Amino acid sequence: MELDKKLIGHEFKPFTATVEAGKIKLFCKAIGEEDPIYSDEAAAKAAGYRGITAPLTFLRALQADDPNKGGLLRLLNVDIGLILHGEQHFEYFAPVVVGDVVTCQEKVVDIYDKKGGALWFVVQEMEMKDQAGKLLAKGRGVTVVRNPDAGKK
Amino acid sequence: MATATAPKFADVKVGDELKPLVLPPISRHQLALYCGGSGDHNPIHVDIDFAKKFGFKDVFAHGMLSMAFLGRLVTSWVPQKQVRGLGTRFTSITWVGDVITVSGKVTGKREKDGEKLVDLEVRCTNQNGQDTLQGSATVALA
């Protein structure tokens, strides 16, 4: 297996995701988060937020709303069982709240291998903007692909 | 847990440690909840047959579940609206049954674009003392 470095620079089709209270509720249950700013509009507003707030790493869950979800794996022609999450970084410019319609744009910024091609690394950057075009957050993620051919001669 | 009240920039010192967060053991139930709650439906985290097919002994936790714990640590110290950045490397796999402790300490203080910023080192560590996530965060304080 060898990943195609010509895919560096590939831009995915932007998509929009609406931030929903029910999704945040389930996300918070999964991570054990009980702060009421994530579930109660009055509590969120009293704490200075525009509405029920999305937890910091919920942004990655918004990316799962992409109608073309799995696009990276199809682009790379890689099986989902071979990937691991290597790194994830977010920069935050404004809180994301319920009702926001967020536009996400992702692109591939680097592809490289280590250990003689046994592991491949795909670096993606992401921007999220609100309905007014205001930048909410930037993300940078590294996907690790385990080469199923590694060690075979 | 109630919303955090932020410390003052002047009161924070490099080397200050955040109160660690010790989490319940990772359960299969939690991984199922996170699968649904995050929209990350990769079966490797919930389907042991699939995990074994790809060479793993068992299912394992989503990296982003542990990163959410880093987020919880930071927002237990300052309100979320004051968080400017959160990032991590996923340095080892978190297995079912692992007991994760989330810890953090102040590594720097600086000013940028008129904001007083504090940089933190944050990490998840398992019951064997092995780091599973090594990350950093930046928060703005008054």
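What you see is a predicted model, and the numbers here were worked out from it, not measured in a lab. Below, chains carry the letters A, B, ... as their sequence lines are ordered, and counting in each starts from 1. As a basis for the values below, the full set of heavy atoms in this structure was taken, side chains included, without hydrogen atoms, waters or symmetry mates.
A salt bridge does not link B:Lys105 to B:Asp16: none of the charged side-chain nitrogens sits closer than 4.0 Å to a carboxylate oxygen.
Pairing each heavy atom of B:Phe9 with each of B:Leu117, the nearest pair is CE1-O, 3.4 Å. Closest non-hydrogen pair, B:Gln82 versus B:Ala6, comes out as NE2-CB, 3.6 Å. Smallest separation of non-hydrogen atoms from B:Cys124 and B:Ile100: CB-CG2, 3.7 Å. Taking every heavy atom of both residues into account, A:Asp40 and A:Ile52 meet most closely at C-CG1, 3.9 Å. The two residues B:Lys81 and A:Gly48 make their nearest non-hydrogen contact at NZ-CA, 3.5 Å. Closest heavy-atom contact between B:Thr132 and B:Thr125: OG1-N, 4.2 Å.
Both the backbone and the side chain of A:Leu82 come within contact range of chain B, with heavy atoms under 4.5 Å apart. B:Leu86 touches chain A through backbone and side chain together, each having a heavy atom under 4.5 Å away. Contact of B:Tyr34 with chain A is made through backbone and side chain together, with heavy-atom distances under 4.5 Å. Neither the backbone nor the side chain of A:Asp65 has a heavy atom closer than 4.5 Å to any heavy atom of chain B. Only the side chain of A:Arg146 comes within contact range of chain B, with heavy atoms under 4.5 Å apart. For A:Ala46, no part lies under 4.5 angstrom from a heavy atom of chain B.
The side-chain tip of A:Lys25 does not point at the ring of A:Tyr38 from less than 6.0 angstrom away and within 45° of straight on. Relative to the ring axis of B:Trp95, B:Lys57 places its NZ or CZ within 45° and under 6.0 Å from the centre.
Remark: side-chain polar atoms of B:Asp131 are not paired, donor with acceptor, to backbone N or O of B:Gln134 under 3.5 angstrom. For the pair B:Thr75 (side chain) and B:Gln80 (backbone), a donor-acceptor distance under 3.5 Å is absent.
Heavy-atom pairs under 4.5 Å with chain A were tallied for B:Ala32, B:Ala68, B:Gly63; the largest tally goes to B:Ala68. Interface summary for chain B: among A:Gly22, A:Ala64, A:Pro55, the most heavy-atom pairs under 4.5 angstrom belong to A:Pro55. When each of A:Ile83, A:Val144, A:Asp79 is scored by its heavy-atom pairs under 4.5 Å with chain B, the top score falls to A:Asp79. Considering only heavy-atom pairs separated by less than 4.5 Å from chain A, the leading option among B:His62, B:Lys53, B:His29, B:His41 is B:His41.
Near-neighbour residues of residues 85-108 of chain A relative to chain B, defined by a heavy atom under 4.5 Å from a heavy atom of that chain, comprise A:His85, A:Gly86, A:Glu87, A:Gln88, A:His89, A:Phe90, A:Glu91, A:Tyr92, A:Pro95.
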